[in-house]
Amino acid sequence: MKIDFVLNGRDVSIDTVPLRSLVDVLREDQNLTGVKKGCGEGECGACSVLVNGKLINSCIFPAGAAHGTEIVTIEGFRETNRYRVIEDAFAEAGSVQCGFCTPGMVLAAEALLREEPRPDDAAIREAISGNLCRCTGYNMIVDGIKIAVKKGKGIW
Amino acid sequence: MIKKISEPVNRPDAAAKTGGYACYIDDMYFEGALFAATLRSERPRAVIEDIEMPDLPDGYYIVDKDDVPGMNRVKMLVDDQPFFAEDTVNYIGEPILLVAGPDRAKIETILSMIRVRYADLEPVLSIEETASAGKDPIYSTDNCFAYYEIKKGDIEKAFDNAKEILMYEYRTGLQEQLYLEPQGVVGVYENGQVTVYGSMQCPYYIKAALVQGLGWDEGRIRVVQAATGGAFGGKEEYPSIIAGHAAFAAVKTGKPVRLIFNRREDISSTTKRHPSIIKIRTALDGSNRIIALEADIRLDGGAYAGLSPVVLQRAMFAASGAYSIPNVMVSGRVLATNNVPSGAMRGFGAPQSFFAVEMHMQNIARKLGMDPLDIKMDHILKRGDSTVTGGELRHDVKLPEMISFAEEMSGYRGKQKAFRGNTGDVLRGIGLSVFYHGCAFTGSGEKDKIKANARLKKNEDGKVQILVSNVEMGQGALTTLKKIVSRVLEIPFGDVIYENPDTSKVPDSGPTVASRTVMIVGFLLEKAARDLKDRWDEASELEITRVYEEPEYIKWDPEKFEGDAYPVYSWGVNVIEVEVDPATFVTRVTGIWGVYDIGAAIDEKVIKGQIEGGITQGLGYAALEVMNTEKGKILQGSLTDYIIPNSVEFPEMGIRLVDNPYEYGPFGAKGAGELPFVGAAPAFASAVQNAIGIRVSRLPVTPEYILEISESEN
């Protein structure tokens, strides 16, 4: 099946099995290895990407459903000012340890902040609750997002 | 320039990881690589009578026991585990063969067409079953990978003189490390040399395993660590097996071979924390002093010995907890079962023992109608006391000060009393644990087994390279080791270079385990940096290597287990507050506090990350992470069934460090990685016990378990 979508701001047209998982398309065909594969069944969030601005687990998202959508992966998002704010905030707060969940966490933060630029603690925790981290215990990621909220005032 | 060493810096690896630039093993490209997947045993114990293979399409390969050029045994403490099963299989998930080829879907099809004919043997499926008569032992004649005893004082006499004797049994379950990045390696064979790239903690363990499996000269074998997405012990010994697989496949096919696990495969076939059954019997005298403690520890080692004997040792050395008890007898065994082999995981045997002994202290207090903290304070270890192995605690033990900080932060005493016997819509409870972690290898391991070499190299441009085999796996080794070297040399942090270890470039400074990287290897680097500083102007390029020297005070008899089991100890006090719903028995953690003595922090932010992450993983072990087996099969074999904490599970934490510099650690630092894990489960279980007023003696403490003990109490 021919699938057309916008990937990180660029038109992409692929021919693949519609039920193939999006994460494989992104990692294998598009060489976007910042999208991590942690579980393959929609539980860990390491493969998070934005589809039309919404956070989804690309491992359980069929490639066919990507047709006509706009998809942003960490490789696209890292070119933005918002990303730079989150990157600095994560470094300052110690939000990053092994790093395998981090690209997904960043996109979860972006998905939250574009909807709610001034979230409270509970909203932050809720927003990243589908992204598992085994290293930090989460508080230092929540702190990172809080710093991003403060330093990124006006850009979300 | 850093002012005070502990002042936090931003991790140098953060930006690459945040932006998705960091290259984990599955992100690395290898020209012309084949994929590989593993055919695994479906039976817990069976003889393989026959394997029926389909016709292989061109370009596809089978790699099995006959493709192991050297010895088909993974190098560990005991050579009992084959890379690929020979005539028998001993657990569900044991590797039998690999299928390698260019297309993953085709590999799956081929795997599904292979027919293995098994002749089942009667399996041994639990610690209890190892004792049942009539079953053929899996290992040796007694199904026991290791049996040890340690004795201190005169236990019989003490029990004869006891006023009160208390005996309880405690049990803990399996725990999966659940690093976010699944296991993976890539084997490459070129010019007569094998290189294995992968996610790992111990490049030189893998190298030794490849030397044995390939039967080659070590000059032909190279191991390179890729960015590693968490490990927690799970990438200590296990990667040696799959590194062998990938290497054998690369040699056979002449192409790079990618062997990357999916999550289900990872959960259901890699090592986990040992389940335990621990019986503790204590003797009290007339003034409520514990005069004797007897512990019987049994661990489920699974099908192969792995690191189990050393895990058992660490469990045994923690059997009497942070308490001074004059007469102690500990017997321990690790038993062979037809379960997935148990292995290294953060804490390495100590969490099981600390859970048992802390709950036992709780139960003594319960019997005597005292606050558990009072009975703990009455027995707490102090400087000069002797450990369970008769070693002397030569360094300051700051537990009283730490306990009072914990009490101040949490309001423990008042709450403990107020919550006792509480009723209503919400039952509240609070628990406090006291614990330690012996830093670095057990016994004389550092001196006799590891003999670490650490090297610094000054380049022409004045930058200094750290050459060690210890890896960055998330824990912050990169940041910490660089800080030590830049601080001593008084050069900018950015002028110290650390790259992922490659055994063709770095000396063997030992594995990244046992909370040893900073204390042992960091100390060698500190010394090397001092040497380099003295000799800085000698030449434009300089190399300094430092070799581990055991502190002269350490005395250890590895046969009798007498003396200093560890060079030094890190200490901790953890307080957890909970609410229990009396109708559903659902628990909710409402408060977390911890006070730690890790000598000194090299970087406060890295340490905070270790502490908060360790507590969270420990609370997962305590409350959430259920893993059961049925007929040798793991029932929670995916992330859908095996639940780890997420961001809404636990509240913020109150953490405090006390300074207690160690003269043989860099800038006074001791071990820190495992310690925070150890105290969480006993503090949580004690809090639940405080809330419900019923003895909690099993981990994890799930609502189902609380229902079970509530019903048996009624």
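Predicted, not measured: the structure shown is a model, and the values here were computed from it. A note on names: the letters A, B, ... follow the listed sequences, proteins ahead of strands, and every chain is numbered from 1.
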**Report entry** Heavy-atom proximity to chain A below 4.5 Å, by part of B/Arg346
**Finding:** neither
Query - Pair A/Lys146 + B/Glu652, salt bridge at N-O below 4.0 Å - result: yes
**Report entry** Top contributor to chain A contacts, counting heavy-atom pairs under 4.5 Å, from B/Ala16, B/Gly614, B/Gly229, B/Gly19
**Finding:** B/Gly19
Query - cation_pi(A/Arg78, B/Tyr21) dist<6.0 Å, angle<=45 - result: yes
**Report entry** Any donor-acceptor pair under 3.5 Å from A/Arg125 side chain to B/Val648 backbone
**Finding:** no
**Report entry** Option in B/Pro8, B/Ala22, B/Pro645 with maximal non-hydrogen atom pairs under 4.5 Å from chain A
**Finding:** B/Pro645
Query raised in the report: Do B/Gln610 and A/Gln97 have side chains that get closer than 4.5 Å, going by heavy atoms?
Result: yes
Report task. Starting at CE of B/Met28, measure out to OG1 of A/Thr33 and round the result to the nearest 0.5 Å. Result -> 11.0 Å
Query raised in the report: Is it the backbone or the side chain of A/Asp121 that comes under 4.5 Å from a heavy atom of chain B, or both, or neither?
Result: side chain
Requested in this report: Look only at the side chain of B/Tyr179 and the backbone of A/Cys98, and say whether a donor-acceptor pair between them is shorter than 3.5 Å.
Outcome: no
Query raised in the report: For chain B, which of A/Asn31, A/Thr102, A/Thr73, A/Leu32 has the most heavy-atom pairs under 4.5 Å?
Result: A/Thr102
Requested in this report: Would you check, one step at a time, whether the test side chain to side chain contact (heavy atoms under 4.5 Å, CB included) holds for A/Leu132 with B/Asn646?
Outcome: CA-CA 6 Å; A/Leu132 296 178; B/Asn646 72 2; 3.9 Å; yes
Query raised in the report: Do A/Thr136 and B/Glu612 get their side chains close enough for a donor-acceptor pair, meaning under 3.5 Å?
Result: no
Query raised in the report: If only atom types and distance count, is the side chain of A/Lys36 paired as donor or acceptor with the main-chain N or O of B/Glu181 below 3.5 Å?
Result: no
Query - From OG (A/Ser95) to NZ (B/Lys17), nearest 0.5 Å - result: 12.5 Å
Requested in this report: Identify which of A/Glu126, A/Met105, A/Arg27 forms the greatest number of heavy-atom pairs closer than 4.5 Å to chain B.
Outcome: A/Arg27
Query raised in the report: If you count heavy-atom pairs under 4.5 Å between each of A/Cys133, A/Gly34, A/Gly99, A/Ala127 and chain B, which one has the most?
Result: A/Gly99
Report task. Considering non-hydrogen atoms only, spot the tightest contact between B/Gly20 and A/Pro103 and give its length. Result -> CA-CG, 4.0 Å
Query raised in the report: Taking atom types as modelled and ignoring hydrogens, do the side chains of B/Thr18 and A/Glu87 form a donor-acceptor contact shorter than 3.5 angstrom?
Result: no
**Report entry** Residue among B/Asn262, B/Thr616, B/Thr640 with most heavy-atom pairs under 4.5 Å to chain A
**Finding:** B/Thr640
Report task. Could you tell me whether the side chain of A/Cys44 reaches within less than 4.5 Å of the side chain of B/Leu180, counting heavy atoms only? Result -> yes
Query raised in the report: So which part of A/Ala93 gets closer than 4.5 Å to some heavy atom of chain B, the side chain, the backbone, both or neither?
Result: backbone
Requested in this report: Under 4.5 Å heavy-atom distance to chain A, tell me which part of B/Ser638 shows up: side chain, backbone, both or neither.
Outcome: both
Query raised in the report: What do the steps show when you test B/Asp27 against A/Lys37 for salt bridge (Lys or Arg N to Asp or Glu O under 4.0 Å), and what is the final call?
Result: CA-CA 10 Å; B/Asp27 306 334; A/Lys37 201 169 173 179; over 6 Å; no
Query raised in the report: Which region of A/Phe100, side chain (C-beta onward) or backbone (N, CA, C, O), has a non-hydrogen atom less than 4.5 Å from a non-hydrogen atom of chain B, or is it both or neither?
Result: both
Query raised in the report: Quick check: does any side chain N or O of A/Arg134 sit under 3.5 Å from a backbone N or O of B/Gln617, one acting as donor and the other as acceptor?
Result: no
Query raised in the report: Is A/Asp143 salt-bridged to B/Lys605, going by a charged N under 4.0 Å from an acidic O?
Result: no
Report summary line: Scored by heavy-atom pairs under 4.5 Å with chain A, the best of B/Phe232, B/Phe650, B/Phe261 is B/Phe232
Requested in this report: For chain A, find which of B/Gly476, B/Cys23, B/Pro651 contributes the most heavy-atom pairs closer than 4.5 angstrom.
Outcome: B/Pro651
Query raised in the report: Contact part of A/Tyr83 toward chain B, heavy-atom cut-off under 4.5 Å: side chain, backbone, both or neither?
Result: side chain
Query raised in the report: So, B/Arg264 and A/Glu41, do they make that salt bridge, N to O below 4.0 Å?
Result: yes
